[in-house]
There are 2 protein chains.
Amino acid sequence: MVTRKDVALKAGVSPSTVSRVINNNGYVAFEARKRIEAAIAELNYIPNRAAQNLRTKSYRQIACISPAISNSFFAEMFMGIEEMAIELGYSLSLYNITNRKQNYLKQVLEGPYDGMILLASHELIMIKELLESMQKVPLSIYWDRIEKINIPREAGLPHVYIDLQKVMRQSVEYLIANGHNEILFLGHYYSKERNSNSRYMGYEMAMKEHHLPIKDYYRIFIEMYEDKLSTGYEAIKMLLDKGQHFTAVAASNDLLAAGAIRAIIESGKKVPEDISVIGVDNIELAKIVTPTLTTMNIPKREIGRMLVQQLMDQIHNENTIEQSIEVEVMLKERESVKNLVI
Amino acid sequence: MVTRKDVALKAGVSPSTVSRVINNNGYVAFEARKRIEAAIAELNYIPNRAAQNLRTKSYRQIACISPAISNSFFAEMFMGIEEMAIELGYSLSLYNITNRKQNYLKQVLEGPYDGMILLASHELIMIKELLESMQKVPLSIYWDRIEKINIPREAGLPHVYIDLQKVMRQSVEYLIANGHNEILFLGHYYSKERNSNSRYMGYEMAMKEHHLPIKDYYRIFIEMYEDKLSTGYEAIKMLLDKGQHFTAVAASNDLLAAGAIRAIIESGKKVPEDISVIGVDNIELAKIVTPTLTTMNIPKREIGRMLVQQLMDQIHNENTIEQSIEVEVMLKERESVKNLVI
DNA sequence: AAATAATATGGTTACGTGACCACATTATTT
DNA sequence: AAATAATGTGGTCACGTAACCATATTATTT
């Protein structure tokens with residue numbers, strides 16, 4: 001292994017001077033610098049990362065704990081994270097929390113990381129366990145139900161979040177503004193309490209504010225299974241077969257919206273001419289389906305970048321850490337919603 | 001920071017004995033072990049990873065360089081990689097090679113990794129550069145056009161691959177076995193030379209062997225753009241509008257197949273009753289579309305695991321390294337192909 | 001009972017680096 | 001010309017750990 005010493009010997013200087021060149025601090029004569037750089041290139045010297053880490057007490061690495069990265073929502077968020085991290089000279093380890101025995105957490109905590117980013121899925125228990133087992137590790141969280149985290153932690157719990165209720169409300173209001181009044185809610189089923197489902201709450205608020213009735217069959221809650229991706233296709237299909245009437249579907253994510261579109265087209269109706277569909281997330285799929293999907297764009301990349309920034313503020317002990325950053329969601333208009341007003 | 005020394009002091013032993021407990025080697029009295037474990041728990045001691053790395057000259061980390069992980073094909077492969085790595089006590093850094101300035105490579109090479117896994121995209125130039133700039137870093141590659149890599153490297157270039165020509169041939173032969181003889185090839189356009197496109201070659205071989213004609217409009221090559229995901233939707237749509245006849249589409253990947261299905265359904269025909277469609281890859285999308293997509297299953301998770309195994313063989317200096325591992329691809333039957341024979 | 005083996009423990013050392021200090025040498029100011 | 005500042009360089013040390021060796025104690029064999 002080539003070490004700093006070898007470079008120093010070859011360049012005819014002391015190891016200290018080599019360090020000065022590598023870290024670009026202190027005084028180094030022009031000639032000496034040239035010799036050292038030549039020696040580094042010739043010997044193909046790469047500073048030993050372990051020694052640097054030990055000496056500087058920093059790893060220049062962060063860990064990201066995420067639900068299955070095959071979920072493109074998190075994949076896109078991860079890309080924002082990685083991009084920002086690289087820009088700041090950090091690299092990124094990725095841990096997928098899926099069906100894994102719990103003790104993987106130990107491995108993460110013992111790992112060579114300066115901080116952690118957590119993309120939370122719905123397993124609150126896991127998050128709780130996670131937070132309890134670590135003390136003062138710099139941590140930033142993305143979770144769309146952040147209000148549910150209720151764990152005391154001296155330093156607080158910095159997070160970046162979106163207000164899903166608000167998002168869903170905007171989505172439904174957009175449909176209403178376009179003249180729709182028979183609007184279906186198509187969402188996932190999280191718990192028995194309907195009012196714990198912030199997405200549904202957003203839908204309900206928008207409907208009530210505009211004095212629109214919510215018929216029973218307007219409310220479609222799809223069960224979530226571990227492995228099976230349910231798209232709501234069957235549910236919408238069944239509704240249409242029964243001849244139920246509605247002019248628009250407000251889906252709580254794009255996958256459900258895509259399922260709805262397929263069901264509608266297959267039953268001989270047209271999107272958006274007969275029925276409009278709107279989603280939430282703006283994943284790649286939204287650009288691929290036909291018609292392309294109008295949806296609420298969650299700026300995943302941007303959220304990823306913000307998480308890194310927030311984490312760095314903690315690592316570098318900035319005293320102006322924003323504990324709670326809300327990200328605004330904007331409508332992305334495409335083809336799947338028809339304006340009935342004009 | 002709590003160090004081994006603190007634990008030793010608390011437990012009334014020497015640091016050496018603490019190390020023996022942590023690494024679980026050498027003799028330790030039962031009583032002493034108990035005291036040490038208690039001290040570790042009480043002090044919340046975590047061994048300093050940097051010091052361990054420096055002392056053992058290993059990082060217990062590997063880097064994975066991949067095209068955009070938002071591509072679910074690579075995401076699923078990554079999940080196999082990560083799963084296997086974790087099982088073996090390694091963690092994984094992920095680098096996305098997308099539109100990034102070239103010098104990110106330096107960062108990877110200077111990183112704390114025992115080895116690297118490369119999921120190759122189509123940028124041969126990048127791979128070349130990569131391989132030239134590193135010497136004896138343990139490395140395993142997934143690339144479906146591995147035969148094109150032609151860079152001398154003392155230790156060879158261990159890789160896991162699939163024979164795309166064979167895969168496409170199997171795919172077309174399955175259609176033929178189901179009574180189809182007017183089969184469209186729907187693939188991407190890689191270079192001017194048609195015979196450098198191994199997927200097309202597989203299609204051509206199958207057709208010729210069964211003495212089936214390949215009409216001009218059977219050959220559809222879609223351009224690949226950096227950002228725009230093209231699905232072949234427009235191409236198939238145009239073909240159908242012209243009234244061209246065919247009974248099946250053999251797409252070179254699932255995304256193209258999904259695009260074909262949408263185009264067919266939209267023009268009023270049914271899949272698979274009127275036209276059958278088969279894909280390659282078996283990404284999540286294949287289970288989501290309607291009808292569900294029959295496709296050639298590329299065992300992405302398994303490939304990921306094999307890459308890690310192959311890398312570990314290099315890291316641990318196994319002398320029985322399989323340089324070139326071909327992975328067999330199997331048909332995954334779903335709903336999008338109709339049997340015309342029965 | 002003596003010799004050997006197994007068990008148990010502490011001390012020393014080196015891994016490769018960055019920070020710091022001491023000390024030259026040269027350039028600039030008084 | 002003397003005093004001060006800026007520039008340049010090497011030596012020492014410690015970061016926290018795992019491997020090794022030496023040695024003490026206990027258990028087993030001869």
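In what follows, every chain begins at residue 1, and chains take the letters A, B, ... in the order their sequences are listed.
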So, does [X] use its side chain to make a donor-acceptor pair with the main chain of [Y] at under 3.5 Å?
X       : Y       : result
N71(A)  : F73(A)  : yes
E82(A)  : N96(B)  : yes
D114(B) : R60(B)  : yes
Q314(B) : L139(B) : yes

Check this one for me: any side-chain N or O of T17(B) less than 4.0 Å away from OP1 or OP2 of dG10(C)?
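Answer is yes, contact under 4.0 Å.
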Contact under 4.0 Å: Y27(A) side-chain N or O vs dG8(D) OP1/OP2:
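For Y27(A), the contact criterion (side-chain N or O under 4.0 Å from OP1 or OP2 of dG8(D)) is not met.
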Nearest to the N25(A) side chain among dG10(D), dA19(C), dG10(C), which nucleotide is it?
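Nearest to the side-chain atoms of N25(A), counting from C-beta on, is dA19(C).
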Side chain of R20(B) (C-beta onward), nearest among dG11(D), dT9(C), dG8(D):
dT9(C)
Rounded to whole angstroms, how far apart are [atom1] on [X] and [atom2] on [N]?
X      : N       : atom1 : atom2 : result
R35(A) : dG8(D)  : CZ    : C1'   : 12 Å
R33(A) : dT7(D)  : CZ    : C1'   : 12 Å
F30(A) : dT25(C) : CZ    : P     : 23 Å

Using salt bridge (charged side-chain N to carboxylate O under 4.0 Å, His left out), reason through R49(B) and E110(A) one step at a time and then give a plain yes or no.
CA-CA 7 Å; R49(B) 188 65 176 267; E110(A) 291 180 354; over 6 Å; no
Scoring nucleotides 13-18 of chain D by protein non-hydrogen atoms under 4.0 Å (B base, S sugar-phosphate only, - none) yields -BBBBB
Minimum side-chain heavy-atom gap C64(B)-F78(B) below 4.5 Å:
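A side-chain contact under 4.5 Å exists here.
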So, does the side chain of S16(A) form a donor-acceptor pair with the base of dG11(D) at under 3.5 Å?
yes
